[in-house]
Amino acid sequence: MVEFEEVLSLLRGGEDTLRKGTEVKRATVGNKVYLRGLIELSNKCVKNCLYCGIRCENTGVPRYELTDEEVLIAARYAWESGYGSVAIQAGEQSSARFTDRIARILDKIKELSQGELGVTLSLGEQSRETLAKWRAAGADRYLMRIESSNRKLYESIHPNDGRHSFDRRLEALYDLKDLKYQVGTGVMIGLPNQTLEDLANDIVFFQETDIDMCGMGPYIEHHGTPLYETAQNTKMLSLEERFRLTVQMVATLRCVMPDVNIAATTALQAIRPDGRETALAVGANVLMPNITPSTEISNYKLYDNKPIREGKMGGGDAELFASLRSHGFEIGLHEQGNSMHYKKRE
Ligand code: 5AD
Ligand code: SF4
C-alpha cells in the first residue's frame, strides 16, 4: 500500500512522475494497447447526476435504445476487426425486462464470437441479483466510477433525492468484487472544489478497494446541466490544467498499482486530439474506440465537444491503428487483455 503522502508527492512530481509511470508501464504491462469496442446501448437514464448531459431531467435529448440486432452487428464488427473485447454502456435503467435483455445479448455475443470476445458492462448500479445474472451469462468485467471518493464532494455533484447514494454505490462495487467480476472504477478530475488531496485520496481508495481497472477523465462542463452553473461561479482549473492533472493521475496510478488496466479516456481526446496517446505513453494501456452503429451516436453526449467516433464501423480503424503504431504502441489484436491484477488476485 502506497500511503497518502507518497501519492501526493507523486501527484506533485511533474515530469519525474511521468517518467516513472512510463518506466513502470514498460516493466509491467508492457507496450500493448488493448481495445474495447464501445457500444452505447441507450442514453435513457433514471439518474440525474448534476454534471451529465443525459441526466433524466434533460428533456432536450432525444432518447434512444439500440436494437439487439444493432448491438450484435457492432459486436461482430469488433470481433472481426480483431478487438479483444466490447464494452456495453448505457444510462442506468433497472427492470426485469432490461436485466433479461442484457443477459440475452451477453449470450449471443459469446455465441457469435465463439467465446473469444471479452465483455465489459457499464450499466450503473444494479441489484446483486441482476449483477449475478449477468456474470453468469458471460460478463467478464464491470465499470462503475465512484466519481469522487470524497463523500462530501460526491454529494455536491449529485442531487440529494434518495436515488444518488454514495453508500449504495460502494455497496454495488463490493457486490461486483464478490461476484468475481474484474472491477473497474474511476473519478472525474477538475470538478468544482476538488483538491489535489482529494485526488490523492482517490488513489488510496483504488488501492483499498483493490480494483482491477480504472478510467479517469477530466470533468468537462455540459452547458445544459446544473453543474455548469456552479462551474461559472467557482474558481476552476482550465481545461488544459485538467488535462495535465489527468495525465499526472494516470502516471501516478501506474506507479502505485503497476498491474491494473488503465483506460485512456475519450474525455482526454475532447481536450486534445491526441490526448489519449499522451495518457497511453505514461501509464494507460486500454483504449475504447466508439463503435456504436447508426445515427444515435451523437445523442450520447455526456459533456460538450464530445468526440463522435474514430473506431468507425466500416472503416475508421485504419487511421486509429496507424496513429497508435506511429506513437510506438503495439495493438493487442485478438487478445482480451484482461487485467493482470485480477489474474493474480484470483
Ligand atoms: N465530464 C466528464 N465526464 C463525465 N461523465 C459524465 N458526465 C461527464 C462530464 N460532464 C463521466 C462520468 C461517468 C462516465 C460514464 O462519464 O464519470 O461515470
Ligand atoms: Fe445517468 Fe451515468 Fe449520466 Fe449519471 S453519469 S446521469 S448515471 S448516464
Side-chain angles (χ1 to χ4, degrees), residues 36 38-61 63-65 87-94 98 120-126 142-150 153-161 163-166 168-169 172-173 176 183-192 194 199 202 206 211 213-232 234 236-237 239 242-243 245-246 249 263-271 275-276 279 288 290 292 296 299-307:
R36 284 88 177 85
L38 179 66
I39 305 170
E40 292 165 335
L41 174 86
S42 171
N43 64 353
K44 294 179 189 164
C45 187
V46 299
K47 292 242 165 130
N48 210 11
C49 306
L50 301 178
Y51 43 85
C52 179
I54 63 169
R55 62 200 299 271
C56 64
E57 260 178 37
N58 193 353
T59 50
V61 191
R63 303 288 166 165
Y64 74 88
E65 192 152 324
I88 301 177
Q89 187 164 68
E92 201 170 298
Q93 309 183 26
S94 26
F98 187 70
T120 306
L121 298 180
S122 179
L123 304 170
E125 291 161 23
Q126 301 288 341
Y142 206 100
L143 302 175
M144 186 163 42
R145 292 189 181 176
I146 190 70
E147 314 299 356
S148 168
S149 66
N150 176 336
L153 191 56
Y154 183 94
E155 287 168 357
S156 76
I157 59 172
H158 295 98
N160 178 14
D161 62 0
R163 274 187 304 140
H164 298 77
S165 151
F166 184 73
R168 176 67 196 104
R169 177 144 296 217
L173 277 173
L176 289 166
V183 178
T185 191
V187 295
M188 284 182 286
I189 293 162
L191 289 164
Q194 187 181 41
L199 293 171
D202 289 338
F206 299 154
I211 59 164
M213 317 179 289
C214 191
M216 300 181 285
Y219 163 64
I220 302 175
E221 291 87 340
H222 184 290
H223 62 277
T225 61
L227 208 63
Y228 177 86
E229 303 303 325
T230 311
Q232 302 310 302
T234 309
M236 300 285 290
L237 295 179
L239 285 178
R242 292 177 223 173
F243 178 91
L245 193 50
T246 303
M249 280 287 277
T265 55
T266 310
L268 283 167
Q269 188 195 3
I271 300 182
R276 296 171 308 168
M288 300 170 71
N290 199 332
T292 308
E296 300 301 356
N299 284 324
Y300 206 90
K301 271 224 159 55
L302 305 179
Y303 43 83
D304 290 343
N305 299 321
K306 186 177 167 226

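Ligands are counted one by one from 1 in listed order, and the atoms in each one are counted from 1 as well.
- When the shell of 6.0 Å around OH of Tyr154 is examined, it contains more than 12 heavy atoms from other residues, nucleotides or ligands.
- When Arg55, Met144, Glu147, His222 are ranked by how near their heavy atoms come to atom 12 (C) of ligand 1, first place goes to Glu147.
- The closest protein non-hydrogen atom to atom 1 (N) of ligand 1 is Ile220 N, 3.0 Å.
- Taking a cut-off of under 4.0 Å to the non-hydrogen atoms of Arg145, the atoms of ligand 1 that pass are 11 (C), 12 (C), 17 (O), 18 (O).
- Tyr51 CD1, 3.3 Å is the protein heavy atom nearest to atom 7 (N) of ligand 1.
- Distances shorter than 2.8 Å separate atom 3 (Fe) of ligand 2 from the protein N/O/S atoms Cys52 SG.
- Taking the six-membered ring for Trp, His158 and Tyr51 have ring centres closer than 6.0 Å.
- Near Met188, the atoms of ligand 1 lying under 4.0 angstrom from a non-hydrogen atom of the residue are 2 (C), 3 (N), 4 (C), 5 (N), 8 (C), 17 (O).
- No side-chain heavy atom of Met144 sits under 4.5 Å from any side-chain heavy atom of Ser122.
- Side-chain contact check for Glu155 and Asn160: no donor-acceptor pair (N or O, by modelled atom type) lies under 3.5 Å.
- The closest protein non-hydrogen atom to atom 16 (O) of ligand 1 is Leu302 CD1, 3.3 Å.
- Distance alone, capped at 3.5 Å, is enough to place a donor-acceptor pair between the Asn48 side chain and the Glu57 backbone.
- Within the 4.0 Å heavy-atom criterion, the part of Pro218 lying near ligand 1 is the backbone and not the side chain.
- Contact annotation for atom 2 (Fe) of ligand 2: protein absent (non-hydrogen atoms, distance under 4.0 Å).
- For the pairing with Ile189, the side chain to side chain contact (heavy atoms under 4.5 Å, CB included) check across Leu268, Thr265, Leu245, Asp202 returns one residue only, Leu245.
- Residues Lys301 and Val61 fail the side-chain proximity criterion, which asks for heavy atoms closer than 4.5 Å.
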TODO: Using the salt bridge (Lys or Arg N to Asp or Glu O under 4.0 Å) rule, take Arg163 and Glu92 through it: C-alpha gap first, then chi angles, then the decisive distance, then the call.
DONE: CA-CA 11 Å; Arg163 274 187 304 140; Glu92 201 170 298; over 6 Å; no
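- Between Gln126 and Tyr142, some side-chain heavy-atom pair lies under the 4.5 Å cut-off.
- Under the 4.5 Å side-chain criterion, counting only non-hydrogen atoms from C-beta, Ile157 is in contact with Glu147.
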